[in-house]
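Every heavy atom of this structure was used, including side-chain atoms; hydrogens, water molecules and symmetry mates were not. Throughout, protein chains are lettered first and strands after them, A, B, ... in sequence-line order, and every chain is numbered starting at 1.
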Amino acid sequence: MPELPEVETIRRGLIPRLVGCRINRVVLSNRKLRLPVPRVKLNRWVQGSQVKSVDRRAKYLLINMDSGAVLVLHLGMTGRLAFFANGTPRRTHDHLRFLLDSGVELRFNDVRRFGSVQVLAPEDRKSPQVFAGLGAEPLGPDFSTPYLMSRARNRTRPIKNFLMDARVVVGIGNIYANEILFAAGIKPTRAVGTLRKAAWDRIVEASRQVLEQAIACGGTTISDYVNSSGEAGYFQCELKVYGRGGEVCQSCGSEITRVVLSGRASFYCPRCQK
DNA sequence: CTAACTCCCTGATAGC
DNA sequence: TGCTATCAGGGAGTTA
């Protein structure tokens with residue numbers, strides 16, 4: 001389930017093997033993804049064009065083409081993006097294949113098809129509604145205590161839902177929301193309007209620390225995630241609360257509690273998190 | 001207006 | 001063995 005650290009790990013893995021390559025051909029499956037696959041735009045703007053650079057915004061990968069277009073990929077829940085030698089047999093759930101002039105191909109594989117592929121043509125780049133309304137990057141300068149306090153003022157929703165709301169802050173999904181709140185010592189159910197400045201400072205600090213550490217570990221592999229070379233991450237070994245309901249807190253020995261917030265499993269230590 | 005719920009989708013797993 | 005129910009959850013859309 002790729003969140004910011006997994007998408008960033010993939011981005012870093014794509015750069016050395018993709019930048020400078022020409023995409024000779026784009027091959028599509030006929031399965032539909034979360035959004036319609038823009039086959040005409042892929043042919044017009046991506047096929048035959050060269051990759052200039054690879055960026056990330058939120059959980060979107062932005063592949064900038066020398067045609068002036070941007071290929072925008074979202075991995076959803078189970079999306080994978082990885083390199084294969086040309087001629088590798090097509091696997092189930094391979095939806096896009098980018099055949100490169102380097103003799104390898106980049107494949108987009110997605111079991112549950114919550115992922116998406118979009119092409120921003122040069123004329124679309126002025127007002128890309130893809131990114132409209134997205135909140136702050138948690139590793140960027142806009143993610144700060146004053147920003148979060150202004151967004152949380154007089155709100156009642158639980159802090160965990162707030163951290164997972166892409167209109168507030170992007171890239172944080174269920175795993176990292178749980179881990180960040182453990183690191184910050186704050187219970188996931190706390191109403192955001194009741195948090196004081198010191199607590200927000202800890203949230204900002206914990207977000208950066210947890211996400212940076214997860215990137216350094218190559219992301220978290222629970223079931224599906226692998227990087228662009230097909231390798232698992234190992235941040236799952238560092239998880240303190242996610243998926244550990246009923247286990248013992250590594251800090252204090254209390255039992256990790258599991259609750260459901262907005263339909264999402266949430267884990268916390270009742271003693272370390274207030 | 002906010003906040004919570006529904007839907008999309010497949011595979012792993014539990015229970016009978 | 002084989003069936004059904006449940007769970008995983010990002011993000012868009014809907015409802016209260």
Pairing of A/Glu137 and A/Arg56 as salt bridge, 4.0 angstrom limit
yes
Using residues 254-269 of chain A as the side-chain source, report each donor-acceptor pair under 3.5 Å to any protein atom, sequence neighbours left out, with the distance given to one decimal.
from: A/Ser262; atom 1: OG; to: A/Asn161; atom 2: ND2; distance (Å): 2.9
from: A/Ser266; atom 1: OG; to: A/Lys160; atom 2: NZ; distance (Å): 2.9
from: A/Ser266; atom 1: OG; to: A/Arg264; atom 2: O; distance (Å): 3.0

Under a 3.5 Å distance rule, please check whether A/Ser67 uses its side chain to pair with a backbone N or O of A/Trp45 as donor and acceptor.
yes
Using whole Å, what does the distance between atom C1' of nucleotide C/dG10 and atom CG of A/Leu61 come to?
15 Å
Atom CZ of A/Phe131 and atom P of C/dG10 are separated, to the nearest Å, by 18 Å
For A/Arg153, which contact category applies under a 4.0 Å heavy-atom criterion: base, sugar-phosphate, or nothing?
nothing
Pair A/Glu205 + A/Arg202: basic N to acidic O under 4.0 Å:
no
Dump the pairs, protein N or O against N or O of nucleotides 11-16 of chain C, anything under 3.5 Å, distances to one decimal.
from: C/dG11; atom 1: OP1; to: A/His74; atom 2: NE2; distance (Å): 2.5

A/Gln236 CD to C/dA8 P: how many Å, rounded?
18 Å
Using a cut-off of 4.0 Å on non-hydrogen atoms, how would the nucleic acid contact of A/Tyr242 be classed: base, sugar-phosphate, or nothing?
sugar-phosphate
Would you mind checking if A/Asp94 and A/Arg31 are paired as a salt bridge, meaning a charged N to carboxylate O distance below 4.0 Å?
no
Among the clusters formed by ILVMFWY side chains lying less than 4.5 Å apart, do A/Phe162 and A/Leu211 turn up in the same one?
yes
Is it the case that over 12 heavy atoms from other parts of the model lie below 6.0 angstrom from the CZ atom of A/Arg167?
no
What orientation do A/Phe235 and A/Tyr176 show, parallel under 30°, tilted 30 to 60°, or perpendicular over 60°?
tilted
For DNA chain B, which nucleotides open and close the run of contacts to chain A, 5' to 3', at under 4.0 angstrom from a non-hydrogen atom?
B/dT2 to B/dG11
Atom pair distance, as rounded to whole Å: CE in A/Met77 and P in C/dC7:
15 Å
Base, sugar-phosphate alone, or nothing: which one does A/Asn161 contact when heavy atoms must sit under 4.0 Å apart?
sugar-phosphate
Rounded to the nearest 0.5 Å, the CG atom of A/Asn24 sits from the CZ atom of A/Arg22 at a distance of 8.0 Å
For a quick check of understanding: with a heavy-atom distance under 4.0 Å over all strands, which category does A/Ser116 fall into, base, sugar-phosphate or nothing?
nothing
Take A/Pro158 and A/Arg31, find for each the nucleotide of DNA chain B with the closest heavy atom, and name the residue whose nucleotide sits nearer the 5' end.
A/Pro158
